[in-house]
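First up is the structure itself, then whatever we jot down about it.
Chain A is the first sequence line, chain B the second, and so forth, proteins listed ahead of strands; every chain is numbered from 1.
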Amino acid sequence: MSQTILNDDSLTFAEKIISIKADGGRKFHLAGEIAVLPADMAMAQDSTGPLAIKVFREMGVQKVWDPKRIHLVIDHSFPAPDEKVANLHILIREFAKQQGVRIVEGSISHQHLLENHVVPGMVLFGADSHTCQAGAIGAWQSQASWPSTGEFKKGVYARDIITHFIGIVGEDGGNYKSLEWKGPAVKNLSIASRACISNNSMECGCKLSMFEVDPVTQDYFKAVNRKAMFEVHAGPKARYKEEYGIDLGTLEPQVWGPGNESKVRTAGEVGDAHLDEVFIGSSTNGRYEDLQVVGKILKGHKVMAGTRCIITPASKSVFERAIKDGLAETFLESGAVFTNATCGACVGTHLGVLGENETCLSTSPRNYTGRMGATSSKIYLSSPATAAASALEGHIADPRRYL
Amino acid sequence: MSLPAPSTIIRGRTWVWPDDVNTDIIIPFRFKARTNDPVEMAKYAMYGFDPEFYKKVKPGDLFVAGRNFGGGSSREQAPVAIKYSGVAAVVAESFARIFYRNSFAIGLPALEVPGITKQVKQFDEISVNLQDWSVTTKDGKVYHALKVPEFLRGLMREGGLVEYYKKHKSFPWEGLQATASTTSA
């Protein structure tokens with residue numbers, strides 16, 4: 001039966017994987033239904049885990065479902081910035097030990113799972129909104145399709161695609177939908193770039209943001225020595241609620257802000273707002289590929305006086321690689337701060353909290369009021385390249401003059 | 001941490017909120033990251049709009065909101081903070097998907113009624129019916145919320161997933177097939 005579903009001409013990616021998982025492939029499930037799915041893997045982090053553990057205990061349950069398939073990740077405020085957070089981390093560690101579940105400290109959950117555990121065909125449930133990042137490799141974590149064409153112009157990256165897209169559909173334009181990325185430009189996107197897009201798709205509310213398995217995915221899994229559960233491909237006649245086209249050949253560096261109430265504009269249109277802080281990192285843009293671009297731009301230059309530039313890798317492996325290959329040295333020479341792997345300044349608890357009326361350009365996923373600190377602070381979002389160029393100038397700047 | 005299960009019909013005065021009320025407005029990360037106590041979380045409910053909200057809200061008040069209520073983070077603390085502040089139900093033009101799903105888990109009735117913000121003003125007395133999933137406004141007009149399967153409405157009447165499990169020692173979907181129309185394959 002599952003084979004019939006996989007071969008179907010008219011089902012989308014989301015419909016296929018839900019149909020296969022929900023009832024063991026005995027039925028088709030179409031967009032608009034409520035279905036109950038079993039999980040292949042589950043994850044919670046240090047800001048959702050403690051409440052889940054508390055509730056788990058209140059429910060009177062003794063044992064978790066399958067310790068090997070559960071990950072508890074201490075990433076949002078790691079290492080603990082104060083006693084209250086430290087005590088919640090202790091709760092997580094004790095629970096992990098008692099239940100024998102996997103625990104990770106430091107690396108951001110989504111990046112850790114991408115580097116080590118998720119495979120195509122998997123259903124992953126994560127108590128973190130950006131879990132949809134796993135769509136980058138064809139794991140599931142509903143309906144629209146986004147064909148993209150052309151090649152990136154200089155200074156334009158995956159983050160610019162997704163910021164541009166959110167600008168088109170709005171903050172709830174993807175609510176409950178599955179975004180399925182197609183078109184000739186997809187083959188030019190690395191796994192890291194796909195992860196950036198899938199991760200940040202949450203900011204238009206979508207449930208899934210999928211890249212089907214292709215040679216790029218296959219090469220990645222060969223390199224990391226992991227195997228797909230199975231591959232799902234949308235039918236050639238799949239029905240989508242909406243289709244949008246993005247021509248990379250005309251896409252410019254994008255900036256969203258200040259705040260989510262502002263429109264998405266090009267870096268040139270935003271003008272020269274003074275920046276107190278530039279934050280480069282997070283699950284959206286703290287990968288090695290991102291730090292490489294930042295190193296290229298910062299090399300031989302100094303961060304503008306009056307602007308602090310904080311660079312935070314998404315995982316321990318990204319951190320180690322940046323230290324070994326000299327990127328860390330480039331960052332420090334430019335005057336930037338290079339921190340341990342964590343969610344960092346994105347979440348407003350440590351490593352770059354914004355004070356009253358401060359303005360920040362960030363590569364983190366969201367720019368909500370008060371997200372990174374004071375309610376009166378302002379957040380703009382951009383790609384790591386735009387952020388690095390802006391750190392050098394002390395205001396929002398187009399990265400192309402440094403590339 | 002349990003609160004009593006809601007009555008089938010909830011009457012209360014309304015707080016009316018705009019579109020796109022996100023989870024960092026409902027409870028900023030920096031506060032929810034530092035406590036695991038729902039009563040403490042409630043002190044930061046709607047902090048992004050009004051840090052004093054928790055002093056002004058009365059038990060049994062209702063929320064009426066615009067589109068995309070609860071967008072952003074997966075934090076279960078968002079509906080928990082609202083519930084423990086005393087708010088008995090949220091009616092919105094639409095909900096962000098994670099907030100909506102979390103509301104069923106923690107037992108904060110969440111009803112999706114397109115157009116409702118045009119029918120209700122701040123501090124109107126309205127009622128919410130958890131049996132037929134409808135809202136009655138001050139002038140007696142009845143608005144039906146977007147349908148949800150009976151097992152989810154029943155879940156809400158019992159106070160949410162956790163309370164349901166404590167009582168039944170099982171989950172409501174166990175043994176349940178997909179609920180809406182399916183095409184036999």
Could you look at [X] and say if it's the side chain, the backbone, both or neither that has a heavy atom under 4.5 Å from chain B?
{"X": "Met59(A)", "answer": "both"}
{"X": "Val353(A)", "answer": "neither"}
{"X": "Ile53(A)", "answer": "neither"}
{"X": "Thr369(A)", "answer": "backbone"}
{"X": "Asp8(A)", "answer": "neither"}
{"X": "Asp46(A)", "answer": "neither"}
{"X": "Pro81(A)", "answer": "side chain"}

Classify the angle between the aromatic ring planes of Phe29(B) and His76(A) as parallel (below 30°), tilted (30 to 60°) or perpendicular (above 60°). parallel

Give a yes or no answer on whether the side chain of [X] reaches the backbone of [Y] with a donor-acceptor pair at less than 3.5 Å.
{"X": "Arg30(B)", "Y": "Gly370(A)", "result": "yes"}
{"X": "Arg97(B)", "Y": "Cys206(A)", "result": "yes"}
{"X": "Asn175(A)", "Y": "Phe95(B)", "result": "yes"}
{"X": "Gln77(B)", "Y": "Ser47(A)", "result": "yes"}
{"X": "Asp24(B)", "Y": "Tyr368(A)", "result": "no"}
{"X": "Lys166(B)", "Y": "Gly60(A)", "result": "no"}

When rounded to the nearest 0.5 angstrom, what is the spacing between [atom1] in [X] and [atom2] in [Y]?
{"X": "Ser94(B)", "Y": "Tyr176(A)", "atom1": "OG", "atom2": "OH", "answer": "10.5 Å"}
{"X": "Ser74(B)", "Y": "His130(A)", "atom1": "OG", "atom2": "NE2", "answer": "9.0 Å"}
{"X": "Glu93(B)", "Y": "Asp172(A)", "atom1": "CD", "atom2": "CG", "answer": "11.0 Å"}
{"X": "Ile98(B)", "Y": "Cys132(A)", "atom1": "CD1", "atom2": "SG", "answer": "7.5 Å"}
{"X": "Asn87(A)", "Y": "Arg34(B)", "atom1": "CG", "atom2": "CZ", "answer": "12.0 Å"}
{"X": "Asn22(B)", "Y": "Arg371(A)", "atom1": "CG", "atom2": "CZ", "answer": "9.0 Å"}

Return yes when atom [atom1] of [X] has more than 12 non-hydrogen atoms of other residues, nucleotides or ligands closer than 6.0 Å, and no otherwise.
{"X": "Arg157(B)", "atom1": "CZ", "value": "yes"}
{"X": "Lys169(B)", "atom1": "NZ", "value": "yes"}
{"X": "Arg11(B)", "atom1": "CZ", "value": "no"}

What residue, out of Ala105(B), Pro28(B), Gly48(B), Gly72(B), has the most heavy-atom pairs lying under 4.5 Å from chain A? Gly72(B)

Would you mind telling me which of Ser73(B), Ala33(B), Gly71(B) has the largest number of heavy-atom pairs within less than 4.5 Å of chain A? Ser73(B)

Can you tell me which portion of [X] sits under 4.5 Å from chain A's heavy atoms? Options are side chain, backbone, both or neither.
{"X": "Ile106(B)", "value": "neither"}
{"X": "Ile25(B)", "value": "neither"}
{"X": "Phe171(B)", "value": "side chain"}

I'd like to know which of [options] tops the heavy-atom pair count under 4.5 Å against chain B.
{"options": "Leu88(A), Asn260(A), Val85(A)", "result": "Leu88(A)"}
{"options": "Met372(A), Arg366(A), Glu83(A)", "result": "Arg366(A)"}
{"options": "Asp82(A), Thr48(A), Val61(A), Thr375(A)", "result": "Asp82(A)"}

In terms of side-chain heavy atoms, does Lys84(A) have a donor or acceptor partner in Thr35(B) at a distance below 3.5 Å? no

Can Leu51(A) and Lys32(B) be said to form a side-chain contact (heavy atoms from CB on, under 4.5 Å), step by step? CA-CA 10 Å; Leu51(A) 193 53; Lys32(B) 69 106 179 183; over 6 Å; no

Work out which heavy atom in Asn36(B) is nearest to a heavy atom in Pro50(A); give both atom names and the distance. ND2-O, 3.0 Å

